[in-house]
Amino acid sequence: MTIQTFQSDVLQNIASAIRGLGAADYTEGDVVLSPVPENAQGDVALSCFGLRGRLSTLDDKARHNPVAISAALAEALAGKPVFEAVAAVGPYVNLSYDTAALAQAVIGDILEQGDHFADAPVRDERVVIEFSGPNTNKPQHLGHLRNNVIGESVSRLLQKSGSRVTRVNIINDRGIHICKSMLVYIKHGQNITPQSAGKKGDHLVGDFYVQFEKEFQAEYKTWLESEAGKRAYEEFLTSEAGIKAQKAIEAYELKKKGKAPADLFSTFKSSYKDKYFNSLSPIGKEVTDLLIRWENGDPEVRAIWKRLNDWVIEGFMDTYKTLGISFDKLYFESETYKLGKDIIQNGLEKGIFHRLPDNATAFDLSKIGLNGEKIVLRSNGTSVYITQDIGTAIERYKDYEYDKMIYVTADEQNYHFQVLFGILGELRPDLGGRFEHLSYGMVTLPNGRMKSREGTVVDTDDLIEEMARLVREVMENKADREHYADADEAEFDRRAQTIALAALKYYLLNFTPASWMEFNPEKSLDLQGRTGAYCLMNYARTRSILRKASYTRTQPGDVLSALKTPQEKKLLLNLMQFPAAIQWAAQNRDPSKMAEYLFNLCKSFAFIFTDKAGHPVLNCTDEATRSARLALVDAIGVVLKDGLGLLGIDTLEEM
RNA sequence: GCGCGGGUAGCUCAGUUGGAUAGAGCGUUGGCCUCCGAAGCCAAAGGCCGCGGGUUCGACUCCCGCCUCGCGCACCA
């Protein structure tokens, strides 16, 4: 018996009992089973609310009473071989599966199919998923890390559930921010290389960027204190924006409610910054000149740009490799940023867009239920951010003919994607509904958001290194050194690295993507409780038992009926849930559901290490029980390894 | 001002789309290593599910109002 035949047997029995009570058109597909609360008897529950009024053999009163329906159904189901117990509890019928049949189905399937257990049949659904999207002016931080692990895990979940998945990454490698790093390099760093500096390329270029910001801030500060700066501030005070800011402060003084507005000078300072950069700043002019030379294809600038970008991208690839992440295709903004202009032109002719008096091209947002309008081409004819997104989405359709295009980005871009999808729907009604924004919340620190100016940005590479260091410390201080006896230094480090990555990935995936999450550097690096390390340890424990038993996998057959205890049954039920857990996580694009599933499985398993009297495995004197338990342990290992793999987590045989 | 998303145990978070006595981890308290891995196991304490109304046999979940926190509303990306 397989899980499939077992489950259909269950459904058939239920459906036929319901038909027998008078609901003639009731089929297997109508059966809805729900979980049973912790302390109630039974493995699954059949809720009777939905059957009200449908069982014609019951009298008028009983027919509408879920409690009476449940009693009648329980009677009809009693004695069926698939159930070893049937109980009516209020409006529910609680069903207990026949343990031997369950064990045969679950363990039989898992040991036969191994890591193909729970593979869904391949559907012809093509999914393109875009994630990571780094800028090439600085290394990736904790926010990118969350993006990376969510993107990778969702990709794996979708693959496992039968979709054809293409992973793409768009590298933002052009624009003003890149020129800032370049300028510092040109001025101060011409003979530095990642090799000579002993740094990853992305970190080296990131240093240039930080250096630029420092120089610019100093310059801006000097200007603010100059006569011209003071004059600009005075003008600001009497301007519309200044008066508005003044009023906001007065309103706050009266009510003392909400967040206090910034003081006038700070408001001026931040609102004037761009204007200063673009029209007054000497260093700003140098950057803008670089950008213009880049756009004109100046060979010298392009050569420097290429050198720096290559360094950064090499650094990114190192990080991706460490994380076990790969992409089928890298898109570079420097190659795609002109896409979309023709499409806009075309849409303009069709009346989807309109011209503004100053010659800019705009989209009327009321067409998609929003307010105002969105500029899609500047008055000088150049593109804005959304222009290339429109172009890339359509271009990519030519490449992949996707059924779904998923964008993984932080939730601050929710509005942007709403607008983008709306415009795409107008331009290409045939692609409507294929676009999806998988938006995740920010990662915050205990004292708020990461701020580069305050130096609180958590760097991905540093974080991994710090985590590995911490794991090594725990390993070195472990009392029980048995498991490191045969590990040389390289193996020791490899294990520490694997555990560190497992802990980080599990931590980041354990939150539902949509929610903001707090990252506490002290607590988050913990290895106790609901963590990646805990799951990894339980996998290692399964391997340890099987090693010591000199176990080799065979189809255990009839001995499985030796699995009888409630704890064993709970494990069987957990294992049977694996395919459904994958489906749920994949459909909801939510790896945290898989993380939760795996933790629960581990928890159901972990008790046997202290219940050595009640559940001996190696020392079990009954041969059949011993074989059956070994097979169960093997099956748990298969599911744990596969499930952790769906989170992008590698397992260890010993840790 | 408008739009979107949050407010659940001391803390960090789940809550399968309206169903049984609201869960987990951390933290706290107590108990477990002559015995298959103590990065562990077992147990206890701890909740007006932001507030007020409504719909329903039934609401943490749906609707309305309010309070509160955050994000967004560029010819930036």
Side-chain angles (χ1 to χ4, degrees), chain A residues 34-40 45 47 49-50 52 64-66 89-92 94 135 172 175-177 257-259 274 333 356 358-362 370-372 374-386 388-389 410-416 418-419 439 441-442 444 446 449 471 474-475 478-480 482-483 499 503 510-512 514-520 523-524 526-531 533-534 536-538 540-541 543-549 580 584 587-588 590 592-593 596 599-600 603 606-613 615-620 629 633 654-655:
Chain A
S34 51
V36 173
E38 279 294 313
N39 35 16
S47 155
F49 296 99
R52 278 170 300 178
H64 296 281
N65 179 357
V89 184
Y92 299 90
N94 288 350
N135 291 344
N172 301 303
I176 200 83
H177 53 291
K257 259 186 6 183
K259 198 167 75 171
D274 280 357
E333 200 190 295
L356 295 179
D358 69 357
N359 223 24
T361 309
L370 298 170
N371 296 322
K374 175 73 196 171
I375 302 293
V376 289
L377 284 179
R378 294 191 187 101
S379 45
N380 64 10
T382 56
S383 15
V384 293
Y385 182 60
I386 203 164
Q388 75 158 311
D389 264 359
D411 60 8
E412 57 191 352
Q413 295 201 50
N414 286 357
Y415 178 73
H416 168 74
Q418 209 182 337
V419 172
S439 120
M442 297 280 172
T444 62
R449 293 179 70 165
V471 171
V474 172
M475 287 167 77
K478 256 195 99 169
D480 178 9
E482 177 199 344
H483 303 288
I499 296 164
N510 197 22
F511 294 78
T512 50
S515 74
W516 280 43
M517 57 174 285
E518 186 183 292
F519 185 87
N520 184 327
K523 295 222 168 119
S524 307
D526 207 339
L527 301 174
Q528 281 160 23
R530 184 166 164 170
T531 63
Y534 177 79
L536 233 47
M537 179 190 69
N538 278 291
R541 284 162 146 189
R543 306 310 294 164
S544 173
I545 290 177
L546 298 180
R547 239 185 345 261
K548 288 179 180 165
W584 185 260
Q587 271 165 25
N588 289 286
D590 188 352
S592 78
K593 298 296 187 304
E596 182 187 21
F599 175 69
N600 287 333
K603 249 184 95 174
F607 83 99
I608 71 157
F609 291 92
T610 42
D611 186 27
K612 290 166 190 170
H615 288 80
V617 182
L618 289 177
N619 306 326
C620 187
R629 285 187 179 151
V633 169
E654 282 185 282
M655 65 181 271

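All chains are named by letter (A, B, ...) in the order of the sequence lines, taking the proteins before the strands, and each is independently numbered beginning at 1.
Using a 4.0 Å heavy-atom criterion, one finds that A/A606 contacts the sugar-phosphate atoms exclusively. Residue contacts shown for A/L536 are absent, as no nucleic acid heavy atom lies under 4.0 Å away. Among the heavy atoms of the strands, none lies under 4.0 Å from A/A549. Within 4.0 Å (heavy atoms only), A/V617 reaches at least one base atom of the nucleic acid. Residue A/H64 is classed as having no contact, given no heavy-atom separation below 4.0 Å to the nucleic acid. In this structure, A/M655 reaches the bases: a heavy-atom distance under 4.0 Å links it to at least one base atom across the strands shown. Across all strands, A/Y415 comes closer than 4.0 Å only to sugar-phosphate atoms, never to a base (heavy-atom distances). Within the nucleic acid shown, A/D389 has no heavy atom closer than 4.0 Å to any nucleic acid atom. Counting non-hydrogen atoms under 4.0 angstrom, A/A540 reaches a base of the nucleic acid. A/S515 comes within 4.0 angstrom of sugar-phosphate atoms only, judged by non-hydrogen atoms across all strands, and of no base. Nucleic acid contact for A/I499: base, since at least one base atom lies under 4.0 Å from a heavy atom of the residue. Note on A/S47: nothing from the nucleic acid sits closer than 4.0 angstrom, heavy atoms only.
In terms of phosphate contacts, A/T512 brings a side-chain nitrogen or oxygen within less than 4.0 Å of OP1 or OP2 of B/rA14. The phosphate of B/rC41 (OP1 or OP2) has a side-chain N or O of A/Y534 nearer than 4.0 angstrom. Side-chain nitrogen and oxygen atoms of A/K548 include at least one within less than 4.0 Å of the OP1 or OP2 phosphate oxygen of B/rG37. Side-chain nitrogen and oxygen atoms of A/K603 include at least one within less than 4.0 Å of the OP1 or OP2 phosphate oxygen of B/rG25. When the side-chain nitrogen and oxygen atoms of A/R541 are compared with OP1 and OP2 of B/rA39, none of them lie within a distance under 4.0 Å. Residue A/R449 places at least one side-chain N or O under 4.0 Å from the OP1 or OP2 atom of B/rC71. Distances shorter than 4.0 Å separate some side-chain N or O of A/S544 from OP1 or OP2 on B/rG37.
For A/H177 and B/rA77, the ring-to-base geometry does not satisfy the stacking test (centroid distance below 5.5 Å, interplanar angle below 30°).
Applying the salt bridge (Lys or Arg N to Asp or Glu O under 4.0 Å) criterion to A/R541, with sequence neighbours excluded, gives no partner residue.
Across B/rC36, B/rU16, B/rA24, the shortest atom-to-atom separation from the side chain of A/F599 is found for B/rA24. Among B/rC57, B/rG37, B/rA77, the nucleotide with an atom closest to any side-chain atom of A/H416 is B/rA77. Comparing B/rG37, B/rA20, B/rA77 against the side chain of A/V36 picks out B/rA20 as the nearest. Distance from the side chain of A/V471 is smallest to B/rA39 among B/rC42, B/rA39, B/rA14. The side chain of A/R52 sits closest to B/rC57 out of B/rC35, B/rU16, B/rC57. Of the candidate nucleotides B/rG37, B/rA39, B/rA20, B/rG37 has the atom lying nearest to any side-chain atom of A/H483. Here B/rA20 is the nucleotide among B/rC4, B/rA20, B/rC42 with the atom lying nearest to any side-chain atom of A/N94. Comparing B/rG70, B/rA39, B/rC41 against the side chain of A/W516 picks out B/rG70 as the nearest. For A/T610, counting side-chain heavy atoms from C-beta on, the closest listed nucleotide (B/rG15, B/rC57, B/rG40) is B/rG40. The side chain of A/N371 approaches B/rC2 more closely than any other nucleotide in the set B/rA39, B/rC13, B/rC2.
A/W584 contributes atom CH2, which lies 8.0 Å from atom CD of A/Q587 (distance to the nearest 0.5 angstrom).
Each of A/M517 and A/D274 has a nearest nucleotide on RNA chain B; the 5'-most of these lies closest to A/M517. Heavy-atom nearest nucleotides on RNA chain B were determined for A/E333 and for A/L527, and the one closer to the 5' end corresponds to A/L527.
Taking atom C1' in both B/rC33 and B/rC42, one finds a spacing of 14 Å when rounded to whole Å. A gap of 11 Å separates the P atoms of B/rG15 and B/rG6, to the nearest Å. Distance noted for atom P between B/rC4 and B/rC63: 12 Å (whole Å). Across the C1' atoms, B/rU12 and B/rU28 are found 16 Å apart, a figure rounded to whole Å. For the P atoms, the distance linking B/rC49 with B/rA9 amounts to 9 Å, nearest Å. Atom name C1', nucleotides B/rC41 and B/rC35: the rounded distance is 14 Å, in whole Å. As rounded to the nearest Å, B/rC69 and B/rU29 have C1' atoms that lie 34 Å from one another. For the P atom pair drawn from B/rA74 and B/rU56, the interatomic distance equals 43 Å after rounding to whole Å.
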Working for side-chain contact (heavy atoms from CB on, under 4.5 Å), residues A/Q418 and A/Y415: CA-CA 5 Å; A/Q418 209 182 337; A/Y415 178 73; 4.2 Å; yes

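Looking at RNA chain B, the stems built from 3 or more consecutive Watson-Crick or G-U wobble pairs, each pair with its key distances under 3.5 Å, are B:1-7 with B:67-73, B:10-13 with B:23-26, B:28-32 with B:40-44, B:50-54 with B:62-66.
Between A/H615 and A/F607, the ring planes lie perpendicular to each other; the angle is over 60°, past the 30° to 60° tilted range.
A donor-acceptor contact closer than 3.5 angstrom links the side chains of A/H416 and A/D389. One side chain, A/N414 or A/S439, offers a donor N or O that lies under 3.5 Å from an acceptor on the other.
Between A/E654 and A/S544 the shortest side-chain heavy-atom distance does not fall below 4.5 Å.
Base orientation of B/rU56: anti, the glycosidic angle falling outside 90° of 0.
Within 3.5 Å, no donor on the side chain of A/N600 pairs with an acceptor on the base of B/rA14, nor the reverse.
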